[in-house]
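Beneath this line is the structure, given in structure tokens, with notes to follow.
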Amino acid sequence: MDAQLIETLGDELFHALNARQSLPPLTQRYPAISLDDAYQISRRFLARREAVGEQVIGKKIGVTSRAVQEMLDVHQPDFGFLTDRMQVADGNDISFAAHHLVQPRAEGEIAFVLGEDLQGTDITANDVLAASEWVMPCFEIVDSRIENWQIRIQDTVADNASCGVFALGQQRVDPRELDLAEVKLHLFKNGLPVGSGLGSAVQGHPCAAVAWLANTLGRLGIPFRKGEIILSGALAPLVPVAPGDFVSLSLSGMGEMHLNFVP
């Protein structure tokens, strides 16, 4: 793709976010789009957000578990950037209008907070564990600017890994005090169970998923920085949400959290 088209598509996604609209899949309009093209589009999308004052505070890995890959028909992980305006507080109301949500889905996962920088292309799960200061429960509310979630890997990468908003639980846990692969998620919607899963659902271990992301971004020259938040991927299938819904989760040894959705 030429640079002008990459800018145009990044701008389209930015305008779709702010207008709460969805776009026809990029992969249908431009079948030859590559993953590198999609990454460049996502960077333009992010640059537009930074230009209006958003600041990057972390990164996210998505589509890590088999259940989510099968649900979305995307069969490799993706990645995106977290900004300060994407973060909401545990227990708060999530407004579809104020947070520009179009077709959101809730997922429960483990979030990491880094105690030191990580940079390179040969980072291991043990390196991630050593560099992590805290882990905590997390709700990521994914959302797609692509019509009806008709995404291939290039669509979701261009769309900042289909990120909407996220919330962190209030309990901080030393990751070395838990077997993160055995942490159990229970997810509820309107008081009813809608999913469960283990930490091992994300590439065998959450630290392995974060290492994949660190190495993938390392090849692009993008480091992990001390203090950044890293979302490691959904432990159970995504749950569609609408105004009036209430979601909650628990992660064994890590605490509970909940969110309400309003128009």
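Keep in mind that the numbers below use all heavy atoms, side chains included, and drop hydrogens, waters and symmetry copies.
Applying the salt bridge (charged side-chain N to carboxylate O under 4.0 Å, His left out) test to pairs two or more places apart or on separate chains, none has a residue in residues 191-200. The ring-ring contact (aromatic ring centres under 6.0 Å, His included) analysis of residues 81-128, with sequence neighbours excluded, yields no pairs. For the salt bridge (charged side-chain N to carboxylate O under 4.0 Å, His left out) condition, the pairs that include at least one residue of residues 20-31, sequence neighbours left out, are Glu12-Arg29.
In terms of heavy-atom proximity, Ala236 sits nearest to Ser196 at CB-O, 3.6 Å. Smallest separation of non-hydrogen atoms from Ala125 and Ala208: CB-N, 3.8 Å.
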Show your working on side-chain contact (heavy atoms from CB on, under 4.5 Å) between Gln28 and Gln150 and close with a plain yes or no.
CA-CA 10 Å; Gln28 288 184 10; Gln150 295 179 20; 3.5 Å; yes
Start with the C-alpha gap between Glu107 and Phe139, add the side-chain angles, then the distance that decides, and say whether side-chain contact (heavy atoms from CB on, under 4.5 Å) holds.
CA-CA 6 Å; Glu107 62 181 41; Phe139 258 125; over 6 Å; no
With side-chain contact (heavy atoms from CB on, under 4.5 Å) as the test, would you mind laying out the steps for Cys207 and Leu180 before giving the verdict?
CA-CA 8 Å; Cys207 288; Leu180 294 177; 4.1 Å; yes
Show, in sequence, the C-alpha distance, side-chain angles and deciding distance for Met86 and Cys163, and conclude whether the side-chain contact (heavy atoms from CB on, under 4.5 Å) test is met.
CA-CA 8 Å; Met86 295 179 190; Cys163 196; 3.8 Å; yes
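Considering only heavy atoms from C-beta on, Ile110 comes within 4.5 Å of Ser232 through its side chain. Within the 4.5 Å cutoff, side-chain heavy atoms of Asp159 are placed close to those of Ser144. Looking at Lys60 and Phe79, their side chains never come closer than 4.5 Å, going by heavy atoms from C-beta outward. At a threshold of 4.5 Å between non-hydrogen side-chain atoms, the residues Phe166 and Val88 do not count as touching. In this structure, Arg44 and Leu46 have side chains that are not in contact, with every pair of non-hydrogen atoms separated by 4.5 Å or more. Inter-residue side-chain proximity for Leu23 and Glu147 is flagged as unmet; no heavy-atom pair is nearer than 4.5 Å. Side-chain atoms of Val142 and Pro104, non-hydrogen and from C-beta on, never get closer than 4.5 Å to each other. Residues Leu168 and Asp90 have side chains not in contact (no heavy-atom distance under 4.5 Å, counting atoms from C-beta outward).
The backbone N or O of Thr27 sits less than 3.5 Å from a side-chain atom of Asp155, completing a donor-acceptor pair. Of the possible polar contacts, one joining the Glu109 side chain to the Gly233 backbone as a donor-acceptor pair under 3.5 Å is found. Using a distance-only test at 3.5 Å, with no hydrogens or angles considered, a donor-acceptor pair links the side chain of Asp2 to the main chain of Leu5. No donor-acceptor pair closer than 3.5 Å links the side chain of Lys189 to the backbone N or O of Val241. In this structure, the side chain of Arg176 engages the main chain of Leu129 through a donor-acceptor pair within 3.5 Å. When atom types are taken as modelled, the side chain of Asn215 and the backbone of Ile123 share a donor-acceptor pair closer than 3.5 angstrom. Judged by distance alone, the side chain of Asp84 and the main-chain N or O of Glu54 form no donor-acceptor pair under 3.5 Å. Remark: side-chain polar atoms of Asp127 are paired, donor with acceptor, to backbone N or O of Thr124 under 3.5 angstrom. No donor-acceptor pair closer than 3.5 Å links the side chain of Asn160 to the backbone N or O of Ser162.
Both Tyr39 and Val56 belong to a single network of hydrophobic side chains, linked directly or stepwise wherever heavy atoms of I, L, V, M, F, W or Y lie under 4.5 Å apart. Hydrophobic cluster membership differs between Phe246 and Ile141, with clusters built from Ile, Leu, Val, Met, Phe, Trp and Tyr side chains linked at under 4.5 angstrom. Linking Ile, Leu, Val, Met, Phe, Trp and Tyr residues whenever their side-chain heavy atoms come within less than 4.5 Å places Val183 and Ile61 in a single cluster. When the side chains of ILVMFWY residues are joined at heavy-atom separations under 4.5 Å, either directly or via intervening members, Val239 and Leu185 end up in a single hydrophobic cluster. Using a 4.5 Å cut-off between side-chain heavy atoms of Ile, Leu, Val, Met, Phe, Trp and Tyr, with links allowed through other members, Leu9 and Ile6 fall into the same hydrophobic cluster.
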Got a list of side-chain donor-acceptor pairs under 3.5 Å for residues 252-263, not counting sequence neighbours?
residue	atom	partner	partner atom	Å
Ser252	OG	Lys184	N	2.8
Asn260	ND2	Asp93	OD1	3.3

Sequence neighbours excluded and cut-off under 3.5 Å, please list the side-chain donor-acceptor pairs for residues 219-229, or say none.
residue	atom	partner	partner atom	Å
Arg225	NH1	Asp117	OD2	3.4
Glu228	OE1	Lys59	NZ	2.8
Glu228	OE1	Arg225	N	2.9
Glu228	OE2	Lys59	NZ	3.0

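Heavy atoms of other residues, nucleotides or ligands lying less than 6.0 angstrom from CD of Glu50 number more than 12.
The hydrophobic cluster containing Leu198, built from Ile/Leu/Val/Met/Phe/Trp/Tyr side-chain heavy atoms closer than 4.5 Å, comprises no other residue.
Salt bridge absent: Asp143 and Arg105 never bring a charged side-chain N and a carboxylate O closer than 4.0 Å.
By the 30° and 60° cut-offs, the orientation of the rings of Phe45 relative to Phe14 is perpendicular.
Each of Ile146, Val157, Asp78, Leu26 was checked for a side-chain contact (heavy atoms from CB on, under 4.5 Å) with Ile151, and the lone residue meeting it is Ile146.
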